[in-house]
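The first residue in the sequence is number 1, and the count goes up from there.
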Amino acid sequence: MKLAKKTKRLLAYVGIIGGCAVLAMTFFTISQYEKAKYQASLNTQLMCQNRLNKILDADSTALEDTNTSAYHSAAVWWNKVNEDFKIITAKNSAAYKGTAIPAYLLSMGALVSFGLVLKHAEKAKEKEDEEAVIKKGEQ
């Protein structure tokens, strides 16, 4: 079965706009997940920093003084967790940006392609109308 020129154009239009829209929604969904991970790791990092600061306020030598500081083990633990979450937060931030930027670009691509498809469809319709007038004039 041979498809009409009009049907082929319609399928191409749907493919272009639909493809951009589906990819944009997919990347948007993933970016929201990455954003939630980033916010959770940032909150944990800030909480760890706050706990470490409270310990250091109570005993400013808690990280270095292994013999006399009662807070040494707690300070070392909160410092380690804080350093770990700095790395995790940086990775989550990069993942969020890495998915949010394509989502934005693909959504803009869907909008732009919609406008271009409308413009192309209008020109194609005008061309078909002219061809119909020419065929009618030849009869």
Side-chain angles (χ1 to χ4, degrees):
M1 180 175 143
K2 186 176 181 183
L3 293 175
K5 201 174 191 181
K6 193 179 205 180
T7 306
K8 289 180 184 177
R9 268 198 319 268
L10 181 63
L11 288 173
Y13 296 159
V14 169
I16 292 168
I17 295 171
C20 284
V22 166
L23 284 172
M25 289 303 297
T26 301
F27 273 101
F28 177 75
T29 303
I30 294 168
S31 75
Q32 291 304 300
Y33 171 71
E34 295 297 336
K35 181 180 180 183
K37 282 178 29 180
Y38 166 71
Q39 288 176 337
S41 65
L42 181 63
N43 286 341
T44 303
Q45 177 193 347
L46 292 174
M47 186 265 310
C48 292
Q49 183 65 47
N50 186 26
R51 298 281 171 96
L52 179 61
N53 287 342
K54 285 182 180 179
I55 290 172
L56 292 176
D57 286 343
D59 183 4
S60 61
T61 63
L63 280 174
E64 300 87 23
D65 188 6
T66 58
N67 297 329
T68 59
S69 177
Y71 300 106
H72 176 70
S73 59
V76 169
W77 191 81
W78 283 114
N79 188 47
K80 174 70 174 135
V81 173
N82 184 37
E83 294 301 319
D84 289 344
F85 269 94
K86 282 182 183 178
I87 295 167
I88 292 169
T89 301
K91 287 180 182 177
N92 288 341
S93 174
Y96 170 55
K97 290 175 187 173
T99 54
I101 291 171
Y104 173 76
L105 292 175
L106 286 166
S107 66
M108 292 304 293
L111 291 172
V112 169
S113 66
F114 185 73
L116 292 174
V117 162
L118 288 177
K119 184 178 177 181
H120 184 267
E122 185 179 330
K123 285 184 181 180
K125 180 69 174 163
E126 288 175 5
K127 186 177 178 182
E128 288 175 358
D129 290 344
E130 288 175 7
E131 289 174 359
V133 169
I134 292 172
K135 282 184 181 180
K136 192 172 186 178
E138 290 175 357
Q139 291 177 350

Just by distance, do the side chain of Ser69 and the backbone of Thr66 share a donor-acceptor pair under 3.5 Å? no
Please answer whether the main-chain N or O of Ala90 pairs with a side-chain N or O of Ser93 as donor and acceptor at a distance below 3.5 Å. no
Count the heavy atoms belonging to other residues, nucleotides or ligands that lie under 6.0 Å from CE of Met47, then report whether that count exceeds 12. yes
Does Arg9 CZ have over 12 foreign heavy atoms under 6.0 Å away? yes
N-O pairing of Glu34 and Lys37 below 4.0 Å: yes
Quick one: do Glu83 and Lys86 make a salt bridge, cutoff under 4.0 Å? yes
Any chance you could lay out the side chain to side chain contact (heavy atoms under 4.5 Å, CB included) test for Asp129 and Val133, step after step, and finish with the verdict? CA-CA 6 Å; Asp129 290 344; Val133 169; 5.5 Å; no
What distance do Trp77 atom CH2 and Arg51 atom CZ have between them, rounded to the nearest 0.5 Å? 9.0 Å
Parallel under 30°, tilted from 30 to 60°, perpendicular over 60°: which one fits the rings of Tyr13 and His120? perpendicular
Which residue is it: Leu56, Ile55, Leu63? I am looking for the one with a side chain to side chain contact (heavy atoms under 4.5 Å, CB included) to Asn79. Leu63
Just checking, any donor-acceptor pair under 3.5 angstrom between side chains of Gln45 and Thr89? yes
Under 3.5 Å, is there a donor-acceptor pair between the Gln49 and Asn53 side chains? yes
Do [X] and [Y] land in one hydrophobic cluster if side-chain heavy atoms of ILVMFWY residues count as linked below 4.5 Å?
{"X": "Val22", "Y": "Val117", "result": "no"}
{"X": "Leu46", "Y": "Tyr38", "result": "yes"}
{"X": "Leu106", "Y": "Ile17", "result": "no"}
{"X": "Val76", "Y": "Trp78", "result": "yes"}
{"X": "Leu111", "Y": "Leu105", "result": "yes"}

Closest heavy-atom pair and its distance - [X], [Y]:
{"X": "Ala62", "Y": "Ala75", "answer": "CB-CB, 3.7 Å"}
{"X": "Ala21", "Y": "Ala110", "answer": "N-CB, 4.0 Å"}
{"X": "Ser41", "Y": "Asn92", "answer": "OG-ND2, 3.2 Å"}

